[in-house]
Each structure stands twice: as structure tokens, then as C-alpha cells.
Amino acid sequence: MRVTEFSEPLIGELTQIEAEAFGDGGLNRWTFPVLIRHGAVYVLKCDGKICGIADIIKDWVDPGLAFLVNFVIRKGERNKGLGTIFLEKLIAILKDDGIKRLQLTVDPANKQAVRVYKKLGFKLITELSDEYGPGVDRFLYELELEE
Ligand SMILES: CC(C)(COP(=O)(O)OP(=O)(O)OC[C@H]1O[C@@H](n2cnc3c(N)ncnc32)[C@H](O)[C@@H]1OP(=O)(O)O)[C@@H](O)C(=O)NCCC(=O)NCCS
């Protein structure tokens, strides 16, 4: 479900899930409103509670390219197949939206995330050295979305 309206409690809940997963690298009260209004923030709900968040932007130069800024399943709900299901749903939505390629970056040590991306057909494009500061490298992955 795409988030189109927001309130203080919703932003608080989203920020808490991000902080739990990414520390100060997560989206927060300043960045969520911008992404909700001008990018796309999707949530996965489990028993009425938010259990997954995906934040997506479209590329400025290439309108066929989307970038997955953040992707998270709430602690305690991971490793149950939810991340795979959520990303599959997002891929279908992006295809319908005319997106041709989806890119993301991931910590090379994040085996669980890499497993999900590879399983869904993402291909490693390159390693971005020092992407998030000295010694903080990222793998750049891409999925081609077929017609
Ligand atoms: C990455 C993330 C979104 C995946 O969601 P999830 O619900 O846990 O994913 P799934 O349960 O669908 O799949 C996890 C897969 O990783 C595998 N896995 C788990 N731990 C693993 C490990 N240490 N090494 C290799 N594979 C592992 C599981 O076996 C499963 O693969 P399978 O379906 O082939 O058995 C979630 O774990 C998460 O939020 N992590 C913290 C935030 C994060 O790192 N986000 C990604 C940023 S790029």
C-alpha cells in the first residue's frame, strides 16, 4: 500500500522501524514527508500493523529507472518470507507504472538482503567503494523489469 497522507504517529512509527534497522542511516521525520510527497513510500501491513517499508524514487535523468532507497522488514518479522513477497509486489507495481529497471545498493556483508535480491533476479552491476564514507562500500544491484 502506498502512503499518500501522513500524521505524526505514522511518521513516528516509520521512523522507529527505520532507526531499528539502520540507526542514523534510516529515513526520519525530515526525510519521510519529502519522500511521501515526492517519491513513493510503500508499507506492508501484518495484522493491521506496519511490518515493512520500501522507499522508492525515480531517476532524474532516466525516467525508466527507479531506485529503491530503503527496504526493511520490522525486527521480529524477518526471515518469514515477507521481504520476498513485499518486493515481488513492488516490482509488479513498478512494471505497471512503466518502470524498466530497478536499482538498489546493499552492504556487501548483508547476506540476507543479498539473498532476497538475487532470488528475485537482481544482477550485481558494480561495487561502489566508499559510497557512504571511507571504507563503507556498497554493491549496486539492478533488476530489468520485463514487459
Ligand atoms: C533484508 C530484509 C528486508 C529481507 O526481508 P525478510 O523478510 O527477512 O526476507 P525473506 O524472509 O523473504 O528472505 C530471507 C532470505 O534470506 C535467507 N537468509 C537469512 N539469513 C541469511 C544469511 N545469514 N545468509 C544467507 N541467507 C540468509 C533466508 O533463508 C531467505 O532465503 P530463502 O527464501 O531462499 O530461504 C530484512 O531481513 C530486513 O529488513 N533486514 C534489515 C534491513 C536491511 O538490511 N534492509 C536491506 C537494505 S539494502
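For ligands, and for the atoms within them, numbers begin at 1 and follow the listed sequence.
Taking a distance limit of 4.0 Å, we find that atom 2 (C) of ligand 1 is approached by no protein heavy atom. Closer than 4.0 Å to atom 8 (O) of ligand 1 lies at least one heavy atom of the protein.
Atom 5 (O) of ligand 1 has its nearest heavy-atom neighbour, among Ala113, Gly26, Gly83, in Gly83. In this comparison of Ile85, Leu87, Asn79, the heavy atom closest to atom 29 (O) of ligand 1 sits on Asn79. With Leu104, Val114, Leu82, Asn110 as candidates, the residue nearest to atom 44 (O) of ligand 1 on a non-hydrogen basis is Asn110. When Asp107, Ile17, Ile73 are ranked by how near their heavy atoms come to atom 39 (O) of ligand 1, first place goes to Ile73.
Residue contact check: Val106 has heavy atoms under 4.0 Å from atoms 48 (S) of ligand 1. Using a 4.0 Å cut-off to heavy atoms of Phe22, the atoms of ligand 1 that qualify are 42 (C), 43 (C), 45 (N), 47 (C). When each atom of ligand 1 is checked for a heavy atom of Lys80 under 4.0 Å away, the hits are 11 (O). Close contacts of ligand 1 with Val72, meaning ligand atoms under 4.0 Å from a residue heavy atom, involve 39 (O).
For atom 16 (O) of ligand 1, the closest non-hydrogen atom of the protein is Arg115 CG, 3.4 Å. Protein heavy atom nearest atom 11 (O) of ligand 1, with residue, atom name and distance: Gly81 N, 2.8 Å. Summary of contacts: the protein heavy atom closest to atom 46 (C) of ligand 1 is Phe71 O, 3.3 Å. The single protein non-hydrogen atom nearest to atom 25 (C) of ligand 1 is Lys111 CB, 3.6 Å, given as residue, atom name and distance. Atom 33 (O) of ligand 1 has as its closest protein heavy atom Lys119 NZ, 2.6 Å. In terms of protein heavy-atom proximity, atom 41 (C) of ligand 1 is closest to Arg78 CZ, 3.5 Å.
In terms of heavy atoms, Arg138 sits closest to Thr105 at NH2-O, 2.9 Å. When every heavy atom of Ile50 is checked against every heavy atom of Leu10, the shortest pair comes out as CD1-CD1, 3.5 Å. Considering all non-hydrogen atoms of both residues, Ile56 and Ala66 come closest at CG2-CB, 4.0 Å. Of all heavy-atom pairs spanning Ala54 and Leu68, the tightest one is CB-CD1, 4.0 Å. Residues Glu77 and Cys51 approach most closely at CG-CB, 4.2 Å, considering heavy atoms. What you find for Gly39 and Arg2 is that their closest heavy atoms are O-NH2, 3.0 Å.
Listed for the Asp107 side chain is a donor-acceptor partner under 3.5 Å among the backbone atoms of Ala109. Judged by distance alone, the side chain of Thr31 and the main-chain N or O of Asn28 form a donor-acceptor pair under 3.5 Å. Judged by distance alone, the side chain of Asp137 and the main-chain N or O of Asp130 form a donor-acceptor pair under 3.5 Å.
Below 3.5 Å of separation, one finds an N or O of Thr84 facing an N or O of ligand 1. Taking any N or O of Tyr117, backbone or side chain, none lies under 3.5 Å from an N or O belonging to ligand 1.
The shortest separation from a heavy atom of Thr105 to ligand 1 is under 4.0 Å, placing the residue in contact. The shell of residues lying under 4.0 angstrom from ligand 1, judged by heavy atoms, excludes Phe86.
Heavy atoms of Val116 found under 4.0 angstrom from ligand 1 belong exclusively to the side chain. Residue contacts with ligand 1 for Gln112 involve both N, CA, C or O and side-chain atoms from C-beta outward (heavy atoms, distance under 4.0 Å). At a heavy-atom cutoff of 4.0 Å, ligand 1 is contacted by no atom of Arg74, backbone or side chain.
Using a 4.5 Å cut-off on side-chain heavy atoms (C-beta onward), Val116 and Phe122 make no contact.
Residues Leu124 and Leu120 are members of one and the same hydrophobic cluster, defined by side-chain heavy-atom contacts under 4.5 angstrom among Ile, Leu, Val, Met, Phe, Trp and Tyr.
Between Asp59 and Arg101 there is no salt bridge, since no side-chain nitrogen of the basic residue lies less than 4.0 Å from a carboxylate oxygen of the acidic one.
Aromatic pair Tyr42/Phe86: ring centres not closer than 6.0 Å.
The one candidate from Glu20, Glu13, Glu18 that meets the salt bridge (charged side-chain N to carboxylate O under 4.0 Å, His left out) condition with Arg74 is Glu13.
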